[in-house]
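First up is the structure itself, then whatever we jot down about it.
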Amino acid sequence: MEQTYEDMKQKHLVLRRISEVFENPLQIGTFKSDDEQACVDIVTCPDSPFEGVTSYSTVGVCQCQNLLTADDRELNVEFMGICDSRNNWFDGLLSTCAFAMIKGKVRAHPYEVYRDIIPVYQPNIDMKHILLIPPFSLKHDLGIIETENRVITWLMLNPISQNEYAYMQKNGYQKLLDAFVEKNIDIYDLYRKSIF
């Protein structure tokens, strides 16, 4: 798919915001979907926001329709996440979430759950699903980028277990997030144990 000048300009704005927030030198890799019908760029930034964890973000997913609006403009998203730097498959996880949205299988909005994404990479751990949440834990806020026809923002991947997902369905996402705070979970550890 050929990119327009507007598309390239928006990708540049996204990349510039990421480099401002992540601060450390960025590495960029391109991931292709299994059917090679879509590709996504992913930025990796080791030791950001602090030593021992790595921050990631997609670049260009915001050009995909998300069926949401803000102030009569398209509301589009990029995905980001932070995990223990010893993890070597989080960028793949990010790309899988991006492809699910690009191909129109799911929407991307706060507190949406992308089900059974993690077992594609690690079938035998407690974490199974991705809960999309507004980003936190960064030194600076990624915020929003406003263009003439789009509002671009970020959603953060937050891994959850099947039991945590069931609890959220029964009690709502805020109760689940409160339980995470109460239990003081290590949000960067994809191998953590379920709290329920």
Side-chain angles (χ1 to χ4, degrees), residues 1 3 7-64 66 76-103 106 108 110 112-114 116-123 125 127-145 152-160 185-192:
M1 190 174 81
Q3 290 198 324
D7 287 341
M8 288 187 288
K9 187 175 158 189
Q10 287 173 3
K11 277 183 87 168
H12 176 73
L13 289 171
V14 167
L15 193 54
R16 191 170 71 190
R17 178 67 57 83
I18 292 166
S19 63
E20 289 168 358
V21 172
F22 286 6
E23 294 180 338
N24 292 353
L26 307 176
Q27 303 155 13
I28 302 177
T30 301
F31 286 72
K32 285 187 176 178
S33 60
D34 290 340
D35 60 8
E36 299 198 352
Q37 296 299 304
C39 66
V40 63
D41 290 334
I42 294 184
V43 168
T44 304
C45 188
D47 295 325
S48 173
F50 53 83
E51 193 174 337
V53 300
T54 299
S55 289
Y56 299 84
S57 178
T58 57
V59 179
V61 175
C62 63
Q63 292 160 5
C64 301
N66 193 30
N76 299 94
V77 302
E78 296 287 354
F79 295 103
M80 64 82 57
I82 307 170
C83 77
D84 187 308
S85 295
R86 292 171 293 186
N87 179 290
N88 62 2
W89 48 274
F90 193 86
D91 49 1
L93 185 67
L94 203 66
S95 72
T96 301
C97 290
F99 292 137
M101 199 205 87
I102 290 167
K103 294 179 177 186
V106 287
E112 181 73 26
V113 174
Y114 285 12
D116 299 312
I117 294 264
I118 294 174
V120 171
Y121 296 90
Q122 291 289 331
I125 62 175
M127 299 301 103
K128 304 296 181 195
H129 317 299
I130 292 294
L131 171 64
L132 298 177
I133 60 175
F136 68 97
S137 194
L138 295 161
K139 290 180 185 173
H140 311 287
D141 188 7
L142 283 160
I144 61 170
I145 297 172
I152 301 166
T153 190
W154 276 261
L155 288 172
M156 183 174 182
L157 276 61
N158 187 46
I160 61 173
I185 66 164
D186 181 354
I187 59 166
Y188 310 117
D189 181 9
L190 278 80
Y191 295 89
R192 71 174 178 83

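Listed by first and then second residue, the salt bridge (charged side-chain N to carboxylate O under 4.0 Å, His left out) pairs involving residues 81-101 are Asp84-Arg86 (not counting sequence neighbours). The stretch residues 24-55 participates, sequence neighbours left out, in these ring-ring contact (aromatic ring centres under 6.0 Å, His included) pairs: Phe50-Tyr188. Pairs passing the side chain to side chain donor-acceptor pair (under 3.5 Å) check and including a residue from residues 34-50, sequence neighbours excluded, read Lys11-Asp41, Thr30-Asp41, Ser33-Asp35, Asp35-Lys103.
Taking CG of Leu155 as the start and OG of Ser57 as the end, the distance is 10.5 Å to the nearest 0.5 Å. We find the SG-CG distance between Cys97 and Leu157 to be 4.0 Å, quoted to the nearest 0.5 Å. Considering SG of Cys39 and CD1 of Ile102, their distance stands at 8.0 Å, rounded to 0.5 Å. Summarising the geometry, atom CG belonging to Leu94 is positioned 11.0 Å from atom CE belonging to Met156; distances are rounded to the nearest 0.5 Å. Atom NE2 of His12 is separated from atom CG of Asp7 by 14.5 Å, given to the nearest 0.5 angstrom.
Counting only heavy atoms from C-beta outward, the side chains of Leu132 and Glu112 approach each other to under 4.5 Å. Here the side chains of Leu190 and Gln122 are not in contact, with every heavy-atom distance at 4.5 Å or above. Between Trp89 and Asn87 the shortest side-chain heavy-atom distance falls below 4.5 Å. You'll find the side chain of Ile28 reaches within 4.5 Å of the side chain of Leu15, heavy atoms only. Contact check for Ile130 versus Leu93: side-chain heavy atoms found under the 4.5 Å cut-off.
In terms of heavy-atom proximity, Met101 sits nearest to Ala108 at SD-CB, 3.4 Å. Pairing each heavy atom of Arg192 with each of Ile160, the nearest pair is NH2-CA, 4.1 Å. Looking at every heavy atom in both residues, Ser137 comes nearest to Pro49 through O-CG, 3.2 Å. The two atoms that bring Val21 and His140 nearest to each other are CG1-O, 3.3 Å, heavy atoms only.
Arg16 is linked by a salt bridge (charged side-chain N to carboxylate O under 4.0 Å, His left out) to nothing, counting only residues two or more places apart in sequence or in another chain. With sequence neighbours left out, the salt bridge (charged side-chain N to carboxylate O under 4.0 Å, His left out) criterion links Glu23 to Lys139. Considering only residues two or more places apart in sequence or on other chains, Ser95 meets the side-chain hydrogen bond (donor to acceptor under 3.5 Å, both in side chains) condition with none of them. Partners of Ile144 under the side chain to side chain contact (heavy atoms under 4.5 Å, CB included) rule, at least two apart in sequence or in another chain, are Glu146, Val151, Thr153. Scored by the ring-ring contact (aromatic ring centres under 6.0 Å, His included) test, Phe90 finds Tyr56 as partners (sequence neighbours excluded). Annotation: ring-ring contact (aromatic ring centres under 6.0 Å, His included) contacts of Tyr114 (sequence neighbours excluded): none. For Thr54, the side-chain hydrogen bond (donor to acceptor under 3.5 Å, both in side chains) partners are Ser85, not counting sequence neighbours. For Arg17, there are no side-chain hydrogen bond (donor to acceptor under 3.5 Å, both in side chains) partners at least two apart in sequence or on another chain. Taking Gln27 as the reference, nothing meets the side-chain hydrogen bond (donor to acceptor under 3.5 Å, both in side chains) condition, with sequence neighbours excluded.
At least one donor-acceptor pair under 3.5 Å links the side chain of Thr58 to the backbone N or O of Phe79. Between the Asn76 side chain and the Cys64 main chain, a donor and an acceptor come within less than 3.5 Å of each other. In this structure, the side chain of Glu78 does not engage the main chain of Trp154 through any donor-acceptor pair within 3.5 Å.
Residue Glu20 places its CD atom among more than 12 non-hydrogen atoms of other residues, nucleotides or ligands, all under 6.0 Å distant.
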Show your reasoning for whether side-chain contact (heavy atoms from CB on, under 4.5 Å) applies to Asp116 and His129. CA-CA 5 Å; Asp116 299 312; His129 317 299; 3.3 Å; yes
Run Ile82 and Leu138 through side-chain contact (heavy atoms from CB on, under 4.5 Å) and show every step you take. CA-CA 9 Å; Ile82 307 170; Leu138 295 161; 3.9 Å; yes
